[in-house]
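None of the values given here were measured: they were computed from a predicted structure.
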Amino acid sequence: MNSQTTRRPEQKRPARSSTSGLKSYRKQTAHVSMRRDGKPLIFGWGGHLSHYEKNQLQRRATFALVALIGLVILAVIIGFFVNINIITPNLPITSVNGQSIPQSQYRKMVAVQTQFALNQLYGPNGYSAIQAELSKQTTTQQTAVTTAQKKVTDLTGQIKATTDATKKADLTKQLTAAQTDLKNQQQKLAGLSQESQTLTSSTIPYAQQNFTQSQIGNESATWLQDDVLISQWAAKQSGSIQAKINPTDKQVNDTLNTFKKNLPKVGSHATAYDKYLSKDGISNDDVVAMMTITQRRVNAQNYLATQVVSPTRQIHARSMTIATQADADTVLQKLKSGGDFAALAKSKSVDNSTNTKGGDLGWIARGQYLQTDQSAIVEDWLFDSARHVNELSPVLKENGAFRIVQVLGIDPSRVVDANTLNTLKSNALQNWLTIQRAQSGVNISDIDQNKLLDPGNLPSDLPAGAPGEESGASGLPSGLPGQ
């Protein structure tokens, strides 16, 4: 009998479940992560923290840093936007009696003034159009002169060829009429030629010389200053005067429509109104606001011109302009001591237009002294209602000049000659503004030249310099006839 070894059944170890393994791993990992390794986290601090706590702090710090960077970037973007669109545009370029004129307003006025200048040069009614029309008229008139000349020549030949007395008399009569017509045609041609010559050699070059960043910029800033003076003055006047000064909606719309109609239609400067707005980064409301200022200026000129009348109060005065303050003080003391004004004016005055006449200005109306000497201080002193005959002024200082004037006569109602009256009416606003600016209570700050010439405030088609200047010889686009 064979003995058999009885095998014990294999006792297989139960397979380790994945769940129990994961739990074991997690327990070990957790055990490690909760263990303190004694290593500092930052700047020697954090050794008491577990690995888990350190990881948590690092994650939170990373999130906080990212959030902080995001906030900083957002703050920079917002700050940049606010600075560009709110703070910078509202920085004053000048001020009048405490009222600031922001450069945003200046930028709009420059855009409008630049287009006004382009309209004047290249618009349908501008100088280039006028010159082209004059050229056509000149050609036509030259033909008329040639025709008239031929008629005179023909009639002269016919007279010489005829022996018939009656016919000769009739031809002679025709010749006289033809000669008169020829003379008239030649005069018309000469007038057109002179007008064209003036436009080509004077008017257009002058407009080109003034079409620069500095000129347009200063004029724009000055207009804004003037508008504050006009508005502040008008606010103190009666309702009827305010109605004459402040423009109506219709007046503004008419001014705007005229502006639109005069936009160049042909050539390299042609532009539609919407294109103009887009190019200069302004809106229709911006243009309307600038047209309001423009029309208020026109209204002020019209109103002030009506105040220039004849007869009017006039002053007979004499004046002398002395080179220095010290000399002026010395001359004034001599006058107060009985010195001869006329003799001192001849020897001491540097005003060549009056010193040979002993400083005599003749009879002058309000505004006349401003036209010749641009001195509002002297004008104000002379026409002060407190003046009396033979009164001598103190040394009057303005624009680096030192003047002494004396009242020789006062006529409360003296006739002003027609030419002088028309000139005074034409310059009514400018004279008034000059006087306003010289008033002791008026405070006008200097124009900030950095903002005035800031490229961000200037249209792209406004040149830095006039044609022929080194700084901007190519600034003004060519295209005018004759260039």
Side-chain angles (χ1 to χ4, degrees), residues 77-123 207 210-232 247 252-253 255-256 258-260 262-264 269 271-298 433 444-466 471-472 475-477:
I77 294 173
I78 293 174
F80 181 79
F81 177 84
V82 170
N83 183 63
I84 293 297
N85 294 281
I86 299 176
I87 296 177
T88 298
N90 286 305
L91 291 176
I93 187 172
T94 182
S95 64
V96 178
N97 297 330
Q99 181 175 332
S100 295
I101 297 173
Q103 62 177 336
S104 58
Q105 189 179 30
Y106 164 73
R107 188 178 71 83
K108 298 167 189 174
M109 179 58 80
V110 172
V112 170
Q113 289 283 13
T114 297
Q115 193 58 52
F116 266 131
L118 287 170
N119 290 358
Q120 185 183 56
L121 283 166
Y122 307 109
N210 287 325
F211 190 63
T212 65
Q213 293 175 359
S214 177
Q215 185 68 29
I216 297 294
N218 276 291
E219 183 174 322
S220 298
T222 300
W223 271 39
L224 293 172
Q225 291 176 338
D226 293 346
D227 188 63
V228 174
L229 289 173
I230 294 170
S231 298
Q232 290 180 347
V252 174
N253 287 333
T255 303
L256 177 59
T258 300
F259 176 80
K260 291 179 180 179
N262 284 327
L263 292 172
H269 306 288
T271 183
Y273 183 64
D274 289 343
K275 182 180 178 182
Y276 155 68
L277 296 179
S278 176
K279 172 178 66 69
D280 288 343
I282 56 178
S283 67
N284 181 69
D285 289 343
D286 295 334
V287 178
V288 168
M290 297 306 103
M291 293 301 164
T292 302
I293 291 174
T294 300
Q295 188 60 47
R296 182 160 38 239
R297 189 180 183 89
V298 171
L433 287 168
I444 302 176
S445 67
D446 292 336
I447 298 170
D448 187 326
Q449 294 298 306
N450 290 327
K451 293 182 177 66
L452 184 110
L453 298 176
D454 187 334
N457 292 330
L458 302 173
S460 59
D461 47 1
L462 181 59
S471 62
L476 181 66

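- Side chain to side chain, S445 and T94 meet the donor-acceptor criterion of an N or O pair below 3.5 Å.
- A donor-acceptor distance shorter than 3.5 angstrom exists from the side chain of N457 to the backbone of K451, with no hydrogens or angles considered.
- Taking the side chain as every heavy atom from C-beta outward, D286 and D280 never approach each other to under 4.5 Å.
- Atom CG in L224 sits 12.5 Å away from atom OG in S95 (nearest 0.5 Å).
- The aromatic rings of Y122 and H269 lie parallel to each other, their planes meeting at an angle below 30°, with 60° marking the opposite boundary.
- Residues D461 and F211 fail the side-chain proximity criterion, which asks for heavy atoms closer than 4.5 Å.
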Q) side-chain hydrogen bond (donor to acceptor under 3.5 Å, both in side chains) between Q295 and T255: does it pass, once the steps are laid out? A) CA-CA 7 Å; Q295 188 60 47; T255 303; 2.6 Å; yes

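- If you take CG on N253 and OG1 on T292, they are separated by 9.0 Å, rounding to the nearest 0.5 Å.
- Contact record, V110 with L462: CG1-CD2, 4.0 Å, taken as the closest heavy-atom pair.
- Side-chain atoms of I447 and I93, non-hydrogen and from C-beta on, do get closer than 4.5 Å to each other.
- D227 pairs in a side-chain contact (heavy atoms from CB on, under 4.5 Å) with only one of the listed residues (R296, R297, Q232), which is R296.
- Residue K279 qualifies as enclosed at atom NZ: its count of foreign heavy atoms under 6.0 Å is above 12.
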